[in-house]
Amino acid sequence: MNDLPVLTHWIDGAPGTGSSARSAPVYNPATGRVQRLVSLASAADVDTAVASAQAAYPAWRDASLAKRQGVMFNFRELLNARKGELADILTSEHGKVTSDALGEIARGLEVVEFALGLPHLAKGEFSENVSTGVDVYTLRQPLGVVGIISPFNFPAMVPLWFFPIAIAAGNCVVLKPSEKDPSAANWLAALMTEAGLPDGVLNVVHGDKEAVDALLVHPDVQAISFVGSTPIAKYIYETAAQHGKRVQALGGAKNHMLVLPDADLDLAADAAVNAGFGSAGERCMAISVIVAVEPVADELIAKIADRVKRLTVGDGMRGCDMGPLITQAHRDKVAGYIDIAQKDGAEVVIDGRGIEVDGDASGFWLGPTLFDKVSLDSAVYKDEIFGPVLSVLRVASYTDGVAVINASRYGNGTAIFTNDGGAARRFQHEVQVGMVGINVPIPVPVAYHSFGGWKDSLFGDAKAYGPAGINFYTREKAVTARWLDPSHGGINLGFPQNT
Ligand code: NAD
């Protein structure tokens, strides 16, 4: 391992080695081989990154909107021109297929384009003459240094949900990406430098819990944006809030797709396969449970199974439909749910173990897996599996289906498939979930709305990007002003009243 390249932090506009001797392996999941090591930051390394951001902050905060917007515009152009390079990085470290990697980048680019509108979006408000000769207006100002902690499954898109808005708003950033696929973060930071971003405005520290904990308690970090699993999101929310920070912490998910008897079953089957097995099910908006309202289950399952059998699995660079899972340990954990399903009495319609792959035998492979008649008590239903595993639950009515969805601890995304507008309208009103699709299986809001779930899928009250992102990364200041003409207000110790 000693002769492997080592990915280091990105501090002050350049690679920085840091003081920690700890590192972690970064695999190519399609070959199972370690392709590089990544440095794992110590608390002292986090300090260095925060100090760099803090030093850059006064000048960046005071840079004109035109200057900040100019950098973001250059970044947008560079990213668009060179997205193929980034897609290759994503495929080689995450495993997702090239088309999916390009899709992830496209959704990140949308947020960059949204952030270009910051001069308009962060405008304050003005009320003239609230009292005689007195005006009130509000300003939106940046927070200072903000921390972003991101998960493995979207190594480019999730950082892009946050840092373009944070930076356009005048903040400086320390990004701690997932240590499992860390290279995309350095690539993005180097591109921001190329786009003209001053050194220190965007820093990347790699690491694990030690680096995260250092960010959560750092006195110079004003806010934390986190995306990851639910237990860690809860921990992040509580710890950062206890240390006085503004926090948004997006957690895990178990997304249900309700299929009513009047649905177009071919459309529903296509949607279930795309949303269940895209990115090998490693998406927070993946559909992992089909709630089939009888009598559609048999026909729907047959259509899904027919499509699943035609999916190709292999190295993401080779034009397959689905790539490997992120690590061997995760692959084994997900495969373990097939035994659990059998033990708990579910029917294994398709078993993804032993699938033929177009790739290296040592890759972290698991084929698409389909369960029927899954019980609500089974860990297969209750756990976020985060792999290419789709479970079907059969229910007798729309009401039973909604009750199942609303009883879930998660509330990230959900979808209904129906041709009945009244049922769809009732569903959007009744369902206890933050993002709802109507005949759309992965309802990720566009960049000018905001992204986030309910219940254990989001801790804090701030969603990501869109108007919520602008609010999160700025704080409002209200100014009450009187310009004396000609001169004196007189003494009055009573509470100010408007006259
Ligand atoms: P994870 O929670 O294991 O890791 C997320 C981040 O937290 C990483 O940067 C990691 O280094 C750090 N981390 C891990 N353990 C930690 C600990 N004990 N203390 C402090 N920091 C720690 O998540 P993951 O496996 O990288 O990503 C998959 C998860 O993310 C899934 O649960 C998925 O649903 C969720 N996710 C949610 C959304 C959303 O928008 N709600 C989006 C993408 C992913």
Side-chain angles (χ1 to χ4, degrees), residues 22 24 26 29 38-41 43 46 93-96 104 107-108 111 147-162 174-182 184-185 204-217 224-240 247-255 279-288 325-327 329-331 333-334 383-387 408-414 433-435 442-445 450-460 462-466 468-469:
R22 294 192 310 127
V26 179
V38 59
S39 299
L40 298 178
V46 172
E93 289 190 357
H94 176 282
K96 62 180 69 182
E104 155 170 9
R107 296 309 297 260
V111 181
I148 298 169
I149 301 156
S150 55
F152 82 82
N153 66 320
F154 285 113
M157 185 183 78
V158 167
L160 286 167
W161 279 357
F162 300 108
V174 177
L175 166 63
K176 205 303 285 174
S178 170
E179 63 277 34
K180 293 183 182 132
D181 42 19
V204 179
V205 285
H206 296 290
D208 51 13
K209 181 170 169 54
E210 184 172 343
V212 172
D213 284 347
L215 269 178
L216 298 182
V217 303
I224 294 286
S225 299
F226 172 87
V227 180
S229 58
T230 287
I232 309 295
K234 186 166 185 290
Y235 166 75
I236 299 282
Y237 179 73
E238 290 171 355
T239 311
V247 205
Q248 51 182 176
L250 286 75
K254 192 90 186 179
N255 304 313
S279 202
E282 290 173 331
R283 289 182 184 144
C284 64
M285 290 293 273
I287 291 292
S288 43
L325 277 84
I326 185 72
T327 58
H330 185 57
R331 182 261 167 223
K333 183 173 170 216
V334 175
D383 296 355
E384 182 187 32
I385 298 176
F386 220 57
S408 169
R409 64 183 288 220
Y410 298 108
N412 213 40
T414 188
V433 174
M435 293 174 282
I442 309 182
V444 173
S450 297
F451 180 105
W454 288 10
K455 300 193 272 186
D456 281 0
S457 296
L458 174 68
F459 297 87
K463 291 188 167 195
Y465 66 72

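As the structure lists them, so they are numbered: ligands from 1, and atoms in each ligand from 1.
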Option from Leu250, Val158, Asp181, Ile232 for which side-chain contact (heavy atoms from CB on, under 4.5 Å) with Pro151 holds =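 When side-chain contact (heavy atoms from CB on, under 4.5 Å) is applied between Pro151 and each of Leu250, Val158, Asp181, Ile232, only Val158 qualifies.
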SB check Lys254 Asp383 (cutoff 4.0 Å) =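 No salt bridge links Lys254 with Asp383.
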Cationic N near anionic O, under 4.0 Å, Lys96 to Glu282 |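 The answer is no: the pair does not qualify as a salt bridge.
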Distance dump, ligand 1 polar atoms to protein, N/O, under 3.5 Å:
residue  : atom   : partner : partner atom : Å
ligand 1 : 2 (O)  : Ser229  : N            : 2.9
ligand 1 : 2 (O)  : Ser229  : OG           : 2.7
ligand 1 : 9 (O)  : Ser150  : O            : 2.8
ligand 1 : 9 (O)  : Lys176  : NZ           : 2.9
ligand 1 : 11 (O) : Lys176  : NZ           : 2.8
ligand 1 : 11 (O) : Glu179  : OE1          : 2.7
ligand 1 : 26 (O) : Phe152  : N            : 3.0
ligand 1 : 30 (O) : Gly228  : O            : 3.4
ligand 1 : 32 (O) : Glu384  : OE1          : 2.6
ligand 1 : 32 (O) : Glu384  : OE2          : 3.4
ligand 1 : 34 (O) : Glu384  : OE2          : 2.6
ligand 1 : 41 (N) : Gly251  : O            : 2.7

For Ala253 and Asn412, work out which heavy atoms get closest and say how close.
->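 Looking at all heavy atoms of both residues, the closest pair is CB-CB, 3.5 Å.
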Main-chain N/O of Gly252 paired with Thr230 side-chain donor or acceptor, under 3.5 Å |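 Present.
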Can you label the angle between the Tyr465 ring and the Phe451 ring as parallel, tilted or perpendicular, going by 30° and 60°?
-> tilted
